[in-house]
Amino acid sequence: MKKKFAAAVIAAAMAGSLVGCSGELSNEYVTVKQYKGLEVPLVETTEVTDDMVEQTIQSNLSAAAERTEVTDRAAQTGDVVNIDYTGYLDGEAFEGGSAEGSDLELGSGSFIGATEDYAGFEDQIVGHQKGEEFDITVQFPDPYTNPDMAGKVADFHIVLNGIYTETVPELTDEWVQSNSTDSESVDEYREEIRGTLEDNYEASVESELGASVQSALLENLEIKSYPEDTVSEQVTQMTNYYTQIAGLYGMELSEFVESYLQTTEEDFNAQLEEGAQQSAAFDEAAKLIAEKENLEPSEEEYQEAMAEYAEEAGAGDDVDAYIEQVGEDTLKMAILRDAVTEYLVDECIQVEPSDDYE
C-alpha cells in the first residue's frame, strides 16, 4: 500500500512538472500559454547630453523670469503680450480658433507664420498698444496639422490686454539655493538636472516596455470567459469618469463622445467593453503568474505601495481616506499588476522592430 501511495505521489509530481515545463498556467477564465521570454519591440535608450542639461536649465530660468508691464509704448518683437482672440472663416467663428487671456511671445513663431500674401499672426500684433481691439488676416500653411484648415485664409479679432517684458535670471549659486531643495551650487544643480533627466528617460523606457509586455501577454492568452462582475465594474468606472469629463465641458456624455472623441456612442460603449475585458483578462493572468512566481507583495508591502499611490494622487497623509475612496481591493490589484508587469519586463526579450510591430 505504501509503495502504491508513493508511486502515486511521484506520478502526480511528474505530471505537475510537465505542466510547469509547458509554461502554461490556467484558471476558469484564461490559460497563459507563455509569459517568460515574451518578445517585444526594442526600446532605444537615450543618453543625456550636456546640451540637454543646458536646455533644461535655460527652460527653468525662463520659467522663473520676472515680468514687467509695459505701458508707455506699443508692442514689439520680443515682448510677451496677453490677448483675447477669435478666429473667423468666411465670417463664421471656427472651432479651436478662440481663446481668452492667452500669453504669446512675439517673434517666437508659436502662431501662424507669414505666407507670400499675408503677414504672420505675431507680426501683425507688433505696433499695437495695450487696450486696442483690431482685426488681422492670416493664411494657414499648407500642409497643416488640421488638413481642413490647410491654406485657408482666416480673420482674427484681437483684444490686446497687456504688454510685458521678461527678465530671465542668471544661473548663479544664489539662484540655485533659492530654487532648488537639493543643490547649493551651479555645478551641483547641473548634476541634479542630469539625474532628473536620466530618471525621466528611464521611467519612459520602463513605461513603454510595460505597455509592450502587457500587449504581448494578452496575445499569449487563451480566453475562456470574462469575469462579468469585474468587467461590469470597470465599464461603470470608465463611464463615470468620462461623464465627469463631459460635465467639465458642460455637456452630456453622448454629446461629448461625438464632439470630442469623434465617435458614436455605440462605438464608444463597445470600446469601453473591449477595454474592460482585456484588463480583466490581464488581471486573471497576473494572478496566475504572481502565484507561480511568488510575486504577490506582503501585507506590509501592499500598505507601503498604497501610501505611495496616495501621495502620487495628491492625497497627502490621508491614506485611509484615499483607500476608502478608491477601494482596497482595486488598489491591491493595481499593485499586483505592477509587480507582475515589472517581472515580465525583466523576463522579456527585446527585438528589432519589424512589420509585425508597426
Side-chain angles (χ1 to χ4, degrees), residues 46 49 51-52 54-169 197 200 204 242 245-251 255-263:
T46 301
T49 65
D51 285 344
M52 292 178 182
E54 294 306 316
Q55 288 173 11
T56 302
I57 289 174
Q58 288 305 313
S59 177
N60 292 347
L61 290 171
S62 297
E66 293 184 3
R67 181 174 289 191
T68 303
E69 186 172 14
V70 175
T71 57
D72 59 352
R73 63 168 174 79
Q76 61 188 31
T77 299
D79 288 341
V80 173
V81 294
N82 183 274
I83 58 173
D84 302 337
Y85 61 87
T86 305
Y88 298 89
L89 284 175
D90 299 325
E92 296 290 331
F94 60 87
E95 185 177 346
S98 303
E100 294 183 357
S102 177
D103 285 341
L104 171 63
E105 181 184 347
L106 301 181
S108 65
S110 303
F111 278 33
I112 301 167
T115 63
E116 185 176 341
D117 298 319
Y118 297 91
F121 188 104
E122 297 166 26
D123 300 330
Q124 297 185 64
I125 296 176
V126 171
H128 289 280
Q129 302 275 350
K130 175 185 177 180
E132 279 192 59
E133 293 192 35
F134 53 95
D135 296 311
I136 65 174
T137 302
V138 298
Q139 184 175 26
F140 283 90
D142 187 6
Y144 187 61
T145 50
N146 180 352
D148 293 337
M149 302 299 289
K152 295 288 182 65
V153 174
D155 299 312
F156 282 86
H157 182 71
I158 311 291
V159 179
L160 183 50
N161 300 318
I163 305 169
Y164 306 89
T165 59
E166 290 188 336
T167 303
V168 178
L197 290 174
N200 290 343
S204 177
Y242 280 105
I245 297 297
L248 296 176
Y249 287 84
M251 297 181 177
E255 183 183 2
F256 176 79
V257 165
E258 293 180 3
S259 300
Y260 282 87
L261 301 185
Q262 297 185 339
T263 187

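Numbering of residues begins at 1 and proceeds along the displayed sequence. Just the heavy atoms: all of them, side chains too, but no hydrogens, waters or symmetry mates, feed the values below.
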How close do [X] and [Y] get, heavy atom to heavy atom, and via which atoms?
X	Y	result
Thr86	Ala93	CG2-CB, 4.2 Å
Ala75	Val81	CB-CG1, 4.0 Å
Ser98	Gly87	OG-N, 3.9 Å
Ala65	Pro169	CA-CD, 3.9 Å
Asp103	Arg67	OD2-NH1, 3.2 Å
His128	Glu132	ND1-OE1, 2.9 Å

If you draw a 6.0 Å radius around [atom1] in [X], do more than 12 non-hydrogen atoms from other residues or ligands fall strictly inside?
X	atom1	result
Glu54	CD	yes
Glu95	CD	no
Phe134	CZ	yes
Asp90	CG	no

Distance-only donor-acceptor pairs under 3.5 Å for side chains of residues 152-163, two or more places apart:
| from | atom 1 | to | atom 2 | distance (Å) |
| --- | --- | --- | --- | --- |
| Lys152 | NZ | Asp148 | O | 3.0 |
| Asp155 | OD1 | Thr137 | OG1 | 2.7 |
| His157 | ND1 | Asp135 | OD1 | 2.7 |
| His157 | NE2 | Glu133 | OE1 | 2.8 |
| Asn161 | ND2 | Asn82 | OD1 | 2.9 |
| Asn161 | ND2 | Asp84 | OD1 | 3.0 |

So does [Y] get a backbone contact from the side chain of [X], meaning a donor-acceptor N/O pair under 3.5 Å?
X	Y	value
Gln139	Gly151	yes
Ser62	Gln58	yes
Ser204	Asn200	no

Evaluation steps, side-chain contact (heavy atoms from CB on, under 4.5 Å), between Glu105 and Glu166
CA-CA 10 Å; Glu105 181 184 347; Glu166 290 188 336; 5.8 Å; no
To the nearest 0.5 Å, how far apart are [atom1] in [X] and [atom2] in [Y]?
X	Y	atom1	atom2	result
Met149	Asp142	CE	CG	12.0 Å
Ile136	Ile125	CD1	CD1	5.5 Å
Leu261	Tyr242	CG	OH	6.0 Å
Leu248	Phe256	CG	CZ	9.0 Å
Ile245	Tyr260	CD1	OH	12.0 Å
Leu89	Glu92	CG	CD	9.5 Å

So do [Y] and [X] actually touch side chain to side chain, heavy atoms under 4.5 Å?
X	Y	result
Pro141	Thr115	no
Met52	Thr46	yes
Phe121	Leu104	yes
Thr165	Val80	no

Does any pair with a residue in residues 57-79 pass ring-ring contact (aromatic ring centres under 6.0 Å, His included), and if so which ones, sequence neighbours excluded?
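Residue pairs with at least one partner in residues 57-79: there are none.
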side-chain contact (heavy atoms from CB on, under 4.5 Å) for Phe140 and Asn146? Distances and angles first, verdict last.
CA-CA 10 Å; Phe140 283 90; Asn146 180 352; over 6 Å; no
